[in-house]
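First up is the structure itself, then whatever we jot down about it.
Remember, predicted model here, so these are calculated numbers, not experimental data. As a basis for the values below, the full set of heavy atoms in this structure was taken, side chains included, without hydrogen atoms, waters or symmetry mates.
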Amino acid sequence: MNFELVKEHVKTKLAGNTNGHGYDHAYRVVNNVKLIAKEVECDYDICVISAYVHDLIDRKVVDDIDSEIIELEEFLRTGLGLEQVKVEHILKICNTISYSKNLELESVEAMVVQDADRLDALGATGIARTIEYSVSVNRPIYIADDKSDDTAIGHFHSKLYKLPALMNFEISKEIAKTKLEVMYLFEENMIRENRE
């Protein structure tokens, strides 16, 4: 499989993204897939392609989902020459791994990509992405004692701190726990540095 074609397509599509869902995110998700795939029996090519393209049809990234799905399907079928069954598998992964959708996953590959995506929401990178996204939607970084999703630090509590327990594989849980330590320390420092 020529992953370079996928990389270049995603780089072009996500160029200029400033809300934490750019090509750099996709690339890190692919790296996480590689770590998980060493421990899990899965279709590696499907996982890697899905990791690269998963945000091309995400509402946080694009406005017209329907046209983007058509374009992605065309790229997978014509640009990469994938069989329709593989195209549909990739599209289903992209459409079901989101935390907010809370859908039951139908394949090991979806579980791998979901874990890989969630791992990039944690640790130092997760902190940076949360702040980047918060700035893009005009959400404050920190308000004392506010643990709702109305602040970046609140988002840690409403979603991110829950992710390790929701991982599909033990390898993902182990990595996630290590990343959480960085986030706890960051929050402790934010509280201390903003104390009146």
Side-chain angles (χ1 to χ4, degrees), residues 7 10 14 17-42 44 47-55 58 60-61 93-94 96-103 105 107-137 139-194:
K7 285 169 64 172
V10 174
L14 297 179
N17 179 281
T18 57
N19 72 3
H21 297 82
Y23 171 76
D24 57 334
H25 164 61
Y27 180 77
R28 288 189 303 270
V29 175
V30 170
N31 284 340
N32 290 335
V33 160
K34 292 175 182 177
L35 291 173
I36 299 166
K38 289 178 185 176
E39 308 292 328
V40 176
E41 191 172 326
C42 61
Y44 180 78
C47 290
V48 170
I49 295 167
S50 300
Y52 272 123
V53 305
H54 75 282
D55 276 338
D58 188 302
K60 293 187 292 294
V61 179
I93 290 170
C94 296
T96 57
I97 63 169
S98 170
Y99 176 89
S100 59
K101 290 182 180 177
N102 194 28
L103 298 171
L105 304 181
S107 68
V108 173
E109 290 75 24
M111 294 165 72
V112 169
V113 178
Q114 183 181 71
D115 278 10
D117 186 35
R118 288 178 171 181
L119 285 173
D120 200 51
L122 300 173
T125 298
I127 293 167
R129 289 184 63 222
T130 301
I131 292 171
E132 189 175 27
Y133 182 77
S134 295
V135 169
S136 78
V137 295
R139 177 171 66 181
I141 304 303
Y142 173 79
I143 297 174
D145 301 320
D146 188 341
K147 293 185 177 178
S148 74
D149 206 44
D150 295 334
T151 69
I153 296 296
H155 185 64
F156 289 9
H157 290 271
S158 66
K159 176 183 176 183
L160 304 184
Y161 287 160
K162 298 174 183 176
L163 294 182
L166 299 174
M167 295 292 175
N168 298 296
F169 304 107
E170 283 306 312
I171 180 68
S172 310
K173 290 178 181 176
E174 290 170 20
I175 297 169
K177 285 175 186 172
T178 303
K179 287 174 167 275
L180 269 196
E181 293 170 13
V182 177
M183 301 177 77
Y184 289 141
L185 184 60
F186 178 82
E187 182 181 3
E188 287 171 17
N189 279 285
M190 282 294 289
I191 292 169
R192 185 172 62 252
E193 292 172 13
N194 286 280

- Counting only heavy atoms not in K38, do more than 12 fall under 6.0 Å of its NZ? no
- Query: Has the side chain of R139 got a donor or acceptor atom that lies under 3.5 Å from a matching backbone atom of D149?
  - Reply: yes
- Message: Return the CG to CD1 distance between L35 and I175, rounded to the nearest 0.5 Å.
- Response: 5.0 Å
- Query: Short question: side chain of K34, backbone of V30 - any donor-acceptor pair under 3.5 Å?
  - Reply: no
- For L185, does its backbone N or O pair with a side-chain atom of N189 as donor and acceptor, under 3.5 Å? yes
- In terms of the angle between their ring planes, are Y133 and H21 parallel, tilted or perpendicular, with boundaries placed at 30° and 60°? perpendicular
- So, the side chain of D115 versus the backbone of F169: is there a donor-acceptor pair under 3.5 Å, distance only? yes
- Pair Y161 and Y184, ring centroids less than 6.0 Å apart: yes
- Check: G22 main-chain N/O paired with H25 side-chain donor or acceptor under 3.5 Å: no
- Parallel, tilted or perpendicular: rings of F156 and F186 (30°, 60°): tilted
- Task: May I ask you to check whether over 12 heavy atoms, not counting those of Y44, lie within 6.0 Å of atom OH?
- Result: yes
- Message: Regarding E170 and K173, does a basic nitrogen lie under 4.0 Å from an acidic carboxylate oxygen?
- Response: yes
- Query: Taking R129 for the side chain and D120 for the main chain, is one N or O donor matched with an acceptor at less than 3.5 Å?
  - Reply: yes
- side-chain contact (heavy atoms from CB on, under 4.5 Å) with M183: which of T130, I153, L122? L122
